[in-house]
Amino acid sequence: MRRNISRVKVLSELYQYDLLNHQVNEDCFKDLLKEVDGNEIDYDELFATSLFKGIIENLSYVDRTIALHLEKYPLDRLSYIDRSLLRMGTYEMLFTKTPHNIIINEIVNLSKEYSQTEDYKTSKFNNAVLDNISKAINKVNK
């Protein structure tokens, strides 16, 4: 549960980062991670911080990887939320040891909660893109 909450915090910050044209507000991120609605939350602060910073530091590589698997769909046409979700999932698959199926499941669940349309097209789209990226990574690593 702690990593799930951490991913929600990172999603919020990536969304803001995208809206502010790639400006990092370190103080806002720290405040965002400390509390929700004035209440302390239990989350993995180290994981959240390293995930956010890792995505930002490797953003061009992560974005190129996503763009290769969008199939005639430009990255900038994605909603801010979906772009942030795909960045988070792609980064984790490329740079962490977390199993890909767990990462994809987490991102699909976040899609359903934060980006979902009634017909589940958004979560299906994000699932398909991340699944294709996972297959490509596994092919390279063999």
Residues Leu14, Ile56; criterion side-chain contact (heavy atoms from CB on, under 4.5 Å); working and verdict: CA-CA 9 Å; Leu14 286 173; Ile56 300 309; 4.0 Å; yes
Do [X] and [Y] belong to the same hydrophobic cluster, where Ile, Leu, Val, Met, Phe, Trp and Tyr are linked whenever their side-chain heavy atoms lie under 4.5 Å apart, directly or via other members?
X	Y	value
Val140	Ile104	no
Leu68	Ile66	no
Leu130	Ile102	no

Interatomic spacing from [atom1] in [X] to [atom2] in [Y] - rounded to 0.5 Å:
X	Y	atom1	atom2	result
Leu11	Tyr114	CG	OH	7.5 Å
Ile55	Ser84	CD1	OG	8.5 Å
Arg87	Tyr15	CZ	OH	13.0 Å
Asn127	Ser134	CG	OG	10.5 Å
Tyr91	Phe52	OH	CZ	12.0 Å
Leu110	Met88	CG	CE	6.0 Å

Do you know which of Thr98, Ile137, Ile107 makes side-chain contact (heavy atoms from CB on, under 4.5 Å) with Met93? Ile137
Here's a test for you: under side-chain contact (heavy atoms from CB on, under 4.5 Å), which of Ile81, Leu86, Asn126 qualifies with Ser111?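 It is Asn126; the other options fail the test.
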How about Phe125 and Tyr73: are their ring centres within less than 6.0 Å of each other? yes
For a quick check under 3.5 Å, do Asp82 and Ser79 share a side-chain donor-acceptor pair by atom type? yes
Candidate pair Tyr80 and Tyr17, rule side-chain contact (heavy atoms from CB on, under 4.5 Å), full reasoning: CA-CA 10 Å; Tyr80 289 110; Tyr17 176 80; over 6 Å; no
Locate the shortest heavy-atom distance separating Ser115 from Leu85; write the atom from each residue and the value. CB-CD1, 4.4 Å
If you compare all heavy atoms of His69 against all heavy atoms of Thr65, which two are closest, and at what distance to 0.1 Å? ND1-O, 2.8 Å
Evaluate the side-chain proximity of [Y] to [X]: yes if any heavy-atom separation is below 4.5 Å, no if none is.
X	Y	value
Leu70	Leu78	yes
Val10	Phe47	no
Ile103	Thr96	yes

Short side-chain to backbone donor-acceptor contact, Arg83 and Leu75, under 3.5 Å: yes
Could you check Asn132, Asp131, Asn138 and say which one makes a side-chain hydrogen bond (donor to acceptor under 3.5 Å, both in side chains) with Lys135?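 The residue from Asn132, Asp131, Asn138 that satisfies side-chain hydrogen bond (donor to acceptor under 3.5 Å, both in side chains) with Lys135 turns out to be Asp131.
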With side-chain contact (heavy atoms from CB on, under 4.5 Å) as the test, would you mind laying out the steps for Leu46 and Thr49 before giving the verdict? CA-CA 5 Å; Leu46 180 61; Thr49 304; 5.7 Å; no
Going through the distances and angles, do Arg7 and Glu92 end up as a side-chain contact (heavy atoms from CB on, under 4.5 Å)? CA-CA 11 Å; Arg7 285 184 181 97; Glu92 281 195 78; 2.8 Å; yes
